[in-house]
Amino acid sequence: MASTDNPSSTGPAGPAGSEPQATGPAAGTTVTKEPAATGTAEGTSDQLAGLEAGLDALDTQTRTRVPLARVLLDKVVPPVVAIALVLAAWQLAYHFEVKPHYQLPSPADVARALQDKWLDGTLLGYVWESVSRGALGFAASLIIGTPLGLLVARVRFVRAAIGPILSGLQSLPSVAWVPAAIIWFGLTNSTIYAVVLLGAVPSIANGLVAGVDQIPPLYLRAGRTIGATGFAGIRHVLLPAALPGYIAGLKQGWAFSWRSLMAAELIATSPELGTGLGQLLDQARVDSDMSLVLAAILLILIVGIGIELLIFAPIERRVLRSRGLLASNR
């Protein structure tokens, strides 16, 4: 029995012929499957690395230097062509006497009127008087309109109470406030600034309200989660998220401020008020100097467009570019 039991107990491990049957498939499995598993892992890793590289390439904003010729072609040539066409049409209207020459002077006559004021040394004084008033009035409107807009945007009762009033004030022509302001404040600078405030504050407040309304609710919930509440939430979450709409409101507020200022200067004229572009325009009207009238209108147009292009447009482009809403090469 011992002879029969020993082979059966030692047979699976002892005989050489039986070892490959027991360990051969396992060894074969180890030899053939490990490289396959390793290859699969390496291939998956390469695919993930390629996917990550592709996503990084999509997220990365490539800044390419735009050639000067392209900038001139895209930014300078179109307005120059438009101005040239307007001047050509104006000159043709003057040449064919669509209106008598004393009513419609030529572009050269308007240029001479500007030159005379420049040589007199008074042209920059007119421009500075109006620009300083407009800047001060706009700054005051900004200080008043920003908290007012936040209050209307975040407090439901306040929005229901004065939201429609702000929209109505924004649609009201600024010149309508001038007679009332003259009665209230007389022919003083307070009249001019009151008209500017009444014209610009509703636009700034409504622009901020529109910007707050466009904030995704997820941003506000995330801010509350990390503890950004109260003034910290307004500073770090609400205002940055509402910045595109707020800047649009600031641009519109400046436009209303400039228009209100010109309306006030046209009507409220007094030696104590100094002479801005609006007063210059009114003086030219009284003197029936049409060349100077058109020159003053041209200066008002240039100042308004220039401030928008030099101050507000770059800020707006920077904000939109930082949010991925504008190509980096624009």
Nearest 0.5 angstrom please: Leu294 CG to Leu281 CG, how far? 9.5 Å
What side-chain hydrogen bond (donor to acceptor under 3.5 Å, both in side chains) pairs are there with at least one residue in residues 158-182, not counting sequence neighbours? Arg159-Asp213, Gln170-Asn206, Gln170-Gln252, Ser174-Ser260
Those residues that, when tested against Thr122, pass side-chain hydrogen bond (donor to acceptor under 3.5 Å, both in side chains) (two or more places apart): none
side-chain hydrogen bond (donor to acceptor under 3.5 Å, both in side chains) against Lys117, all qualifying residues, sequence neighbours excluded: none
List the atom pairs, with distances to 0.1 Å, where a side-chain N or O of residues 134-148 and a protein N or O form a donor-acceptor pair under 3.5 Å, not counting sequence neighbours.
from, atom 1, to, atom 2, distance (Å)
Ser141, OG, Gly137, O, 2.8
Thr146, OG1, Leu142, O, 2.9
Thr146, OG1, Tyr246, OH, 2.5

Show your reasoning for whether side-chain contact (heavy atoms from CB on, under 4.5 Å) applies to Leu169 and Val201. CA-CA 9 Å; Leu169 290 175; Val201 168; over 6 Å; no
Check whether Leu124 and Leu298 end up in the same hydrophobic cluster, where Ile, Leu, Val, Met, Phe, Trp and Tyr are linked by side-chain heavy atoms less than 4.5 Å apart. yes
Rounded to the nearest 0.5 Å, what's the gap from OH on Tyr126 to CD on Gln283? Could you check? 6.0 Å
Looking at every heavy atom in both Gln103 and Met290, which two are closest together, and how far apart are they? O-CG, 3.1 Å
Supply the atom-to-atom distance Leu280 CG to Glu129 CD, rounded to the nearest 0.5 angstrom. 12.0 Å
From Ile162 CD1 over to Phe157 CZ, what is the distance, rounded to the nearest 0.5 angstrom? 10.0 Å
For Ala108, check side-chain contact (heavy atoms from CB on, under 4.5 Å) against everything at least two apart and list the hits. Ser106, Arg112
Under 3.5 Å, side-chain donor or acceptor atoms of residues 82-95 against the rest of the protein: list the pairs with distances, not counting sequence neighbours.
from, atom 1, to, atom 2, distance (Å)
Trp90, NE1, Pro105, O, 2.8

So CG of Leu166 and CD1 of Ile204: to nearest 0.5 Å the spacing works out to 11.5 Å
Work out which heavy atom in Ser130 is nearest to a heavy atom in Leu277; give both atom names and the distance. OG-N, 2.7 Å
